[in-house]
Amino acid sequence: MKVWATTDITFEAFTFNPTFPLYLFGLSGLIDAEFPQALHVVRSTWESSQLYDELSTTFAKDPDYPSDTAPTQQGAFMMSVFRTLINTLAVTTVDNKLSGGIPAPRFNVFARIPTCSPETWRNVRRILESTTYSSPVHGTAIPVAKRQCTYCKCLTHPRGLCPFPEVDSWKGPPLNGAQTFPEPAGPPPAMRTYPGRRNRRIVVPRRELTH
């Protein structure tokens with residue numbers, strides 16, 4: 001993978017092998033929870049029989065579901081699907097803070113939904129996102145609204161925690177929002193004259209005189 005960045009646009013080049021995103025949704029509101037606790041809450045919820053039944057109904061409509069085969073093969077398909085979903089589950093922490101520096105961590109949930117169907121992927125992701133994630137110790141999680149980072153357009157972090165401005169040769173705006181411009185070659189004249197335009201003065205805007 002290669003990244004080429006300019007002041008106007010950024011390109012990412014990689015081998016063409018389109019897949020669905022691994023990022024599914026974000027959660028917040030788990031009290032005193034860190035990465036291991038958040039991962040346990042999500043994993044235990046995904047392994048519940050109630051969610052299994054709901055997801056099985058959705059995967060049974062997938063184009064790759066072996067509907068014309070024996071029940072044992074259909075069961076093997078479902079087991080393979082759920083094994084992939086659980087084994088690829090990953091949770092990362094985003095160190096969000098509220099006003100006054102109060103910690104308000106957010107947890108990003110990633111997993112590979114094993115399907116080639118956009119409709120199946122959307123339906124499974126919607127079910128997983130709308131599921132209630134709760135713990136007797138850490139409370140109930142709140143889904144995080146999807147908002148793009150205004151620097152890199154990613155959904156996994158807010159602008160203030162964007163990692164790209166820390167990358168060498170980054171050409172985008174800095175984290176502090178300050179804009180930098182090239183210095184002029186020399187001080188601009190306060191007045192310019194042009195041949196054939198006698199008795200006419202061109203006034204330079206005030207902003208040019210402040211350099």
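Counting from 1, the numbers follow the sequence of the chain as shown.
- Checked by atom type and distance alone, the side chain of S48 never pairs as donor or acceptor with a backbone atom of S44 at under 3.5 Å.
- One distance of note links CG of L85 with CH2 of W46; it measures 4.5 Å at 0.5 Å rounding.
- Closest heavy-atom contact between S135 and V41: CB-CG2, 3.8 Å.
- Side-chain heavy atoms closer than 4.5 Å link hydrophobic residues (I, L, V, M, F, W, Y) into clusters, and following such links, even through other members, never connects V144 to I142.
- Checking side-chain atoms of Q37 against main-chain N and O of E34 turns up a donor-acceptor pair under 3.5 Å.
- Remark: the backbone N or O of T115 is not paired with any side-chain donor or acceptor of T120 at under 3.5 angstrom.
- Other residues, nucleotides and ligands contribute more than 12 heavy atoms inside 6.0 Å of the CG atom of N87.
- Between K146 and E129 the shortest side-chain heavy-atom distance falls below 4.5 Å.
- Legend: residues meeting side-chain hydrogen bond (donor to acceptor under 3.5 Å, both in side chains) with T156, ordered by chain and number and at least two apart, are absent.
- Linking ILVMFWY side-chain heavy atoms closer than 4.5 Å, directly or via other members, places F20 and I127 in a single hydrophobic cluster.
- Between the side chain of Q74 and the main chain of Y65, no donor-acceptor pair closer than 3.5 Å is present.
- E54 CD to Q50 CD: the interatomic distance, rounded to the nearest 0.5 Å, is 7.0 Å.
- Expressed to the nearest 0.5 Å, how far CZ of F77 lies from OG1 of T69 amounts to 9.5 Å.
- Residues L24 and F110 have side chains not in contact (no heavy-atom distance under 4.5 Å, counting atoms from C-beta outward).
- At a threshold of 4.5 Å between non-hydrogen side-chain atoms, the residues L128 and V42 do not count as touching.
- In E47, the CD atom is crowded: over 12 heavy atoms of neighbouring residues, nucleotides or ligands sit closer than 6.0 Å.
- A donor atom on one side chain and an acceptor atom on the other are not found under 3.5 Å apart for N123 and T58.
- Atom CG of L30 sits about 11.5 Å away from atom NE2 of H40, to the nearest 0.5 Å.
- Closest of all the heavy-atom pairs between M78 and A60 is CE-N, 3.6 Å.
- In terms of modelled atom types and a separation under 3.5 Å, the side chain of S80 and the main chain of A76 share no donor-acceptor contact.
- Nearest heavy-atom pair across C154 and H157 is CB-CE1, 3.7 Å.
- For an aromatic pair to be called close, the ring centres must be under 6.0 Å apart, and Y133 with F25 satisfies this.
- Rounded to the nearest 0.5 Å, atoms CZ (R112) and CD1 (I86) are 13.5 Å apart.
- Under a cut-off of 6.0 angstrom, the local environment of CD in Q148 is crowded, with over 12 non-hydrogen atoms contributed by other residues, nucleotides or ligands.
- Between R83 and P114 there is no side-chain heavy-atom pair separated by less than 4.5 Å.
- Here the shortest heavy-atom pairing between W121 and P21 reads CZ2-O, 3.5 Å.
- F82 approaches S56 most closely through the heavy-atom pair CE1-OG, 3.7 Å.
- Annotation: side chain of K61 is not in contact with side chain of S117 (no heavy-atom distance under 4.5 Å).
- Shortest non-hydrogen contact noted between A111 and L89 is CB-CA, 4.1 Å.
- Shown here is D32, whose CG atom has no more than 12 heavy atoms of other residues, nucleotides or ligands within 6.0 Å.
- L155 and L27 fall into different hydrophobic clusters, defined by Ile, Leu, Val, Met, Phe, Trp and Tyr side-chain heavy atoms under 4.5 Å apart, directly or through other members.
- The cluster map of Ile, Leu, Val, Met, Phe, Trp and Tyr, joined by side-chain heavy atoms under 4.5 Å apart, puts L22 and V109 in different clusters.
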